[in-house]
Engineer: 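Below is one structure. I have some questions about it.
Counting from 1, the numbers follow the sequence of the chain as shown.
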Amino acid sequence: MSDPIIELKGSLFPLSVLYCQDFSVAALRQELSNKLAQAPGFFTQAPVVISVENCDQIPDFNAIKQLFTELQLVLVGVCGADAALKKAAHAAGLAALQPPKAGKIAEPVKAAPAAPAAPTVITTENKTIEQNIRSGQQIYVKGADLIIRGTVGAGAEVIADGNIHIYGALRGKAIAGAGGDASKKIYCYNMQPELISIAGNYWLSDNLQGEYWGKPVCIGLQDGQLMLAELF
């Protein structure tokens, strides 16, 4: 008997869930554009589900799909939909998914980081950089730690498969554990980032402007959630 041509297996892929109050295309365009501007390239072709649990009327899902395409996002479906919203979503070619279980919703969203575009690649050993990383610059260290004795400026991006140590201010983006290792950490002496990510789990700056903003911080993962602690 020949092997089956196709197999359909259950699996679990990370999806970003969008929570919003206004489902009009104009409002979504404004809010999404603001978010994407904070981390250009990071969300490119990211799969997204819209939570419609608090939606009191049927949105124009076809127009929303078009908006997502324009913004280079992939709208997979909706969650938290009642029967009418499910029907409208299905008519637009969208899936109707179960909402995340209670206690599992968190502000950080898990998504695979986009591959860096033409980065500086260091392949074999820990890399120490004795200078500031300026806006528009991008460093990627493959299979090792990255140590920066300077500042990572706004608009700059540092990526490592290992840990990231920044002996200065972090004002740009820092992505540690880029190969998927959740044990890696980010250490910085002045935390003011646009984005931090470990093993695909990320926070944007508006999730971080609180107790630890501007302080020396260690960032790691615990039970799948990003955790922050003062260094000293």
Engineer: Once you round to the nearest 0.5 Å, how far does CD1 of I64 lie from CG of L28?
Structural biologist: 5.5 Å

Engineer: Just jot down the side-chain hydrogen bond (donor to acceptor under 3.5 Å, both in side chains) partners of R134, sequence neighbours excluded, or say none.
Structural biologist: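 If we apply the side-chain hydrogen bond (donor to acceptor under 3.5 Å, both in side chains) test to R134, skipping adjacent residues, there are no hits.
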
Engineer: Could you tell me whether the side chain of K142 and the main chain of A160 form a donor-acceptor pair under 3.5 Å?
Structural biologist: no

Engineer: If I take atom CD1 from residue I147 and atom OH from residue Y167, how far apart are they, to the nearest 0.5 angstrom?
Structural biologist: 5.5 Å

Engineer: Could you check whether any side-chain heavy atom of T151 comes within less than 4.5 Å of a side-chain heavy atom of R171, counting everything from C-beta outward?
Structural biologist: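 Counting from C-beta outward, T151 and R171 do come under 4.5 Å.
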
Engineer: Tell me the closest heavy-atom pair linking L228 and L208, and the distance in Å.
Structural biologist: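 It is CD2-CD2, 3.8 Å.
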
Engineer: Quick one: list whatever passes salt bridge (charged side-chain N to carboxylate O under 4.0 Å, His left out) with D60, sequence neighbours left out.
Structural biologist: none

Engineer: Let me confirm one number: the CD-CD distance from E157 to Q137, rounded to the nearest 0.5 Å.
Structural biologist: 12.0 Å

Engineer: Does I164 offer a backbone N or O that forms a donor-acceptor pair with the side chain of D145 under 3.5 Å?
Structural biologist: no

Engineer: Could you check if a side-chain atom of P193 sits within less than 4.5 angstrom of a side-chain atom of L195, using non-hydrogen atoms only?
Structural biologist: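 They are not in contact (no side-chain heavy atoms under 4.5 Å apart), so the answer is no.
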
Engineer: Look up atom CG in L75 and atom CD1 in I50, then write down how far apart they are to the nearest 0.5 Å.
Structural biologist: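 One gets 4.5 Å once the value is rounded to the nearest 0.5 Å.
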
Engineer: Does N132 have any side-chain hydrogen bond (donor to acceptor under 3.5 Å, both in side chains) partners at least two apart in sequence or in another chain, and if so, which?
Structural biologist: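 By the side-chain hydrogen bond (donor to acceptor under 3.5 Å, both in side chains) rule, N132 matches no residue at all.
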
Engineer: How long is the straight-line distance from CG of L204 back to CD1 of I196, given to the nearest 0.5 Å?
Structural biologist: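 Output value for this atom pair is 9.5 Å.
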
Engineer: Can you say whether the rings of H165 and Y187 are parallel (under 30°), tilted (30 to 60°) or perpendicular (over 60°)?
Structural biologist: parallel

Engineer: For the side chain of N163 and the backbone of I186, is there at least one donor-acceptor N/O pair under 3.5 Å apart?
Structural biologist: no

Engineer: Out of curiosity, does W213 fall in the hydrophobic cluster containing W203 (side-chain heavy atoms, cut-off under 4.5 Å, transitive links)?
Structural biologist: yes

Engineer: We want to know whether D161 and Y140 form a side-chain donor-acceptor pair, criterion being a heavy-atom distance below 3.5 angstrom.
Structural biologist: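 Side chains of D161 and Y140: pair found under 3.5 Å.
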
Engineer: Just to verify, what does Q30 make a side-chain hydrogen bond (donor to acceptor under 3.5 Å, both in side chains) with, not counting sequence neighbours?
Structural biologist: N34

Engineer: K215: what forms a salt bridge (charged side-chain N to carboxylate O under 4.0 Å, His left out) with it, not counting sequence neighbours?
Structural biologist: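 Only E230 meet the salt bridge (charged side-chain N to carboxylate O under 4.0 Å, His left out) criterion with K215.
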
Engineer: Does Q21 have any side-chain hydrogen bond (donor to acceptor under 3.5 Å, both in side chains) partners at least two apart in sequence or in another chain, and if so, which?
Structural biologist: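 Per chain and number, Q21 pairs via side-chain hydrogen bond (donor to acceptor under 3.5 Å, both in side chains) with no residue.
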
Engineer: To the nearest 0.5 Å, tell me how far R29 CZ sits from F68 CZ.
Structural biologist: 11.0 Å

Engineer: When you measure from the side chain of E194 to the backbone of G155, do you find a donor-acceptor pair of N or O atoms at a distance under 3.5 Å?
Structural biologist: yes

Engineer: Side chain of N190, backbone of A169: donor and acceptor closer than 3.5 Å?
Structural biologist: no

